[in-house]
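Below is one structure, written out as C-alpha cells; comments come after it.
Owing to the predicted nature of the structure, the values given are computational and were not obtained by experimental measurement.
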Amino acid sequence: MLSFLFTAGLAAITRSDEALLVAIARGDRRALKRLYERLAGQALAVALRVLRSRGEAEEIVQDVFVEVWQKAGRYDPARGSPRTWVLAIVRNRSIDLVRSRQVEDRTTSEAGVQPDAPTASPLEEVEARQVRERIRQALSSLPPEQRRTLELAYFEGLSQSEIAERLSDPIGTVKSRIALAMRKLLASLGDWEAAR
Amino acid sequence: VNCAEFKEQVLSYAIGALDARERRSVEAHLDSPIVHEGCVEALHDANEAASVLALALARERPSAGMWKAIERRLDGAARARTRSPFALVGWLVAAVALVLIIWLTYDRYQIIARLRAADAELQRASAQIRVEHEALALLDRPSSRLVALPPTGKAAGDFSASVILGPDKGYVVATGLTPQPEKDYELWLIRGGKPIPAGLLRGGGAGPVAYAIDPALLEGGPVDTVAITIERAGGVPQPEGPIILAGKI
C-alpha cells in the first residue's frame, strides 16, 4: 500500500511538473513560482552539497530558475522528468562553478541542518517525504564503496579516472562499481514503477 | 560509439563520471541522426537513477529574498528586451523618419519661398515688358514726343534717360539707375516752376528700364521740365537731393 502511494505520488508530481513547464514556456510567471516552490528546496540542497557555500548555492539556484524561465520550451520529457532536468542543471552549474573558481573545501555547518522547506500543500509535502524515504532506503542498500563512488562523481564532479586516483583503486573497479550501483538504483526505480 | 557502447557508458554519463572526451562522444552519438536502439530510453532511466542522489538530500529552506531576486532578474531581462537592438532599430527608424519629415517640411517651405520669389520676379518682369510695349506703342504714335534727359553731372554715375510723352500718357526710359543704399531715384514733373513728385524709379540697372508716368499727373497742363533726383529712401514731397538727369519738354 505504501509502495502504491509512493509511486502514484511520484507520477502525479512528474505530470504536474510537466504541466508547469508547458505553462512556463508560454510565459506564465505564476507557473514558474509554483515550480520554484516545489523544487527550490531540493535544488538548493544539491547546490549546497556541491558548493558548500550558501551564498553561492542561492546564486546558482537563482541562475537556474532564470534559465528554466528562458529554456522551458527546450525541456525534453524523453530524457527525464522535469525534477531530474532542473536538478541536473543545478548540479552541472554547481560543478562548473567549483571547477572555475577552484573553491576551497569549506567545512560546512550549513548543509543538511536546515529544516525542510514546506511545499505548497501538505499532500505534496507528504508525497515528497515518502519519495525521499524510499530513495534513502535505496541508497542505504548500496555498499559503502559504491555509494561513495557515486557521490564523488555526482557531487564533486570527479571523472572515473579521477575517482580511481582519489580512492587508489583500478579504474576498471571504479567503472564496475558505478555500473553496479546505478543498475541497483534503476532496479529500485523499476520496482517502484512495477508496484503502481 | 554505437548504441550498445552508448548504453554501457550512459550510466557513468548520467552520474557525471565521464571525462570530457568520453562525454563528447556520448553526446555526439545521442545527437546523431540514426535509428537508435533504445538510447534515449536508456538515457532517461540513467538520468532518473542519478537524480536519486539529489532527491535523497534533505531539502534546504531558501531565503525569503531568493524568489524576489529571481523576479527582479526576470523583470530586468524583460526591460532589457524592450531596449534590445530591435527596439533600438525602432527608435532609429522613428528618428530618421522625424528628420526626414523636418527636412522635407523645411525643403517644402524653401521651395515655396523660392517659387514665390520667382513668381514675384516673373510678375515684375511681365509688368516691365508690358510697360516697355506700351512705351514703344506710344512712341509709334505721331502725337508723341521723345525728349532726352541729359545728365547734370551733379552725381557720379553713368545715368541716361529719355521721356516719351503723349497727350494722355507718358513713360521714362532710364539706364544706370542702379540701387543705392538708403536712397531712391525720384521722378519730378515741373510745371510752372513747381516740381510735382511723379514716383520712385526702382528696379533699374545697367540696362534700360521703362517706367510709366501716372496719367493723372499729365492732366494738369503741359509739363515744362522732367527731372530725376536722388532722394532719401521712400522719396520726399519736395526735391532735396541732387538732380542727376533733367530735360526741358
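Around atom CZ of B/R114, more than 12 heavy atoms belonging to other residues, nucleotides or ligands sit under 6.0 Å away. The number of heavy atoms from other shown groups lying within 6.0 Å of CZ (A/R183) does not exceed 12. Around CD of B/E5, the count of heavy atoms belonging to other residues, nucleotides or ligands within 6.0 Å exceeds 12. Crowding of A/Q137 atom CD: a count of heavy atoms from other residues, nucleotides or ligands under 6.0 Å exceeding 12. Within 6.0 Å of CD in B/Q110 there are more than 12 heavy atoms belonging to other residues, nucleotides or ligands. By the 6.0 Å contact criterion, CG on B/D119 is enclosed, its count of non-hydrogen atoms from other residues, nucleotides or ligands being greater than 12. Around atom NZ of A/K33, no more than 12 heavy atoms belonging to other residues, nucleotides or ligands sit under 6.0 Å away.
Residue contact with chain B, scored on non-hydrogen atoms closer than 4.5 Å, involves the backbone and the side chain of A/L32 alike. Residue A/A88: no heavy atom, backbone or side chain, is found under 4.5 Å from chain B. No part of A/N92 comes within reach of chain B, as not one of its non-hydrogen atoms sits under 4.5 angstrom from that chain.
Taking all atoms of both residues into account, the shortest heavy-atom contact from B/A54 to A/Y154 is CB-OH, 3.6 Å. The heavy-atom pair separating B/W67 from A/Y36 by the smallest distance is N-OH, 3.5 Å. Contact record, A/V61 with B/M66: CG1-CE, 3.4 Å, taken as the closest heavy-atom pair. Taking each heavy atom of A/A45 and B/A58 in turn, the nearest pair found is CB-O, 3.2 Å. Contact detail for B/A69 and A/Q62: the closest heavy-atom pair is CB-OE1, 3.4 Å. Nearest heavy-atom pair across B/S63 and A/E58 is OG-OE1, 3.0 Å.
The structure places CG of B/L57 at 9.5 Å from CG of A/L48, a figure rounded to the nearest 0.5 Å. Here the CD1 atom belonging to A/I135 is positioned 6.5 Å from the OG atom belonging to B/S51, to the nearest 0.5 angstrom. Taking CZ of B/R73 as the start and CH2 of A/W69 as the end, the distance is 14.0 Å to the nearest 0.5 Å. Remark: A/R79 CZ to B/D45 CG distance equals 14.0 Å, nearest 0.5 Å. Rounded to the nearest 0.5 angstrom, B/E48 CD and A/L185 CG are separated by 12.0 Å.
Counting heavy-atom pairs closer than 4.5 Å to chain A, the top residue among B/G65, B/A42, B/A46, B/A50 is B/A50.
Taking the side chain as every heavy atom from C-beta outward, A/R29 and B/E71 approach each other to under 4.5 Å. The shortest side-chain heavy-atom distance between B/L53 and A/R91 does not fall under the 4.5 Å cut-off.
Each of A/T84, A/L139, A/L150 was scored for a side-chain contact (heavy atoms from CB on, under 4.5 Å) with B/V52, with one residue passing: A/L139.
Residues of residues 7-31 of chain B lying under 4.5 angstrom from chain A, judged on non-hydrogen atoms, are B/L11, B/S12, B/A14, B/I15, B/G16, B/A17, B/L18, B/D19, B/E22, B/L30, B/D31 in numerical order.
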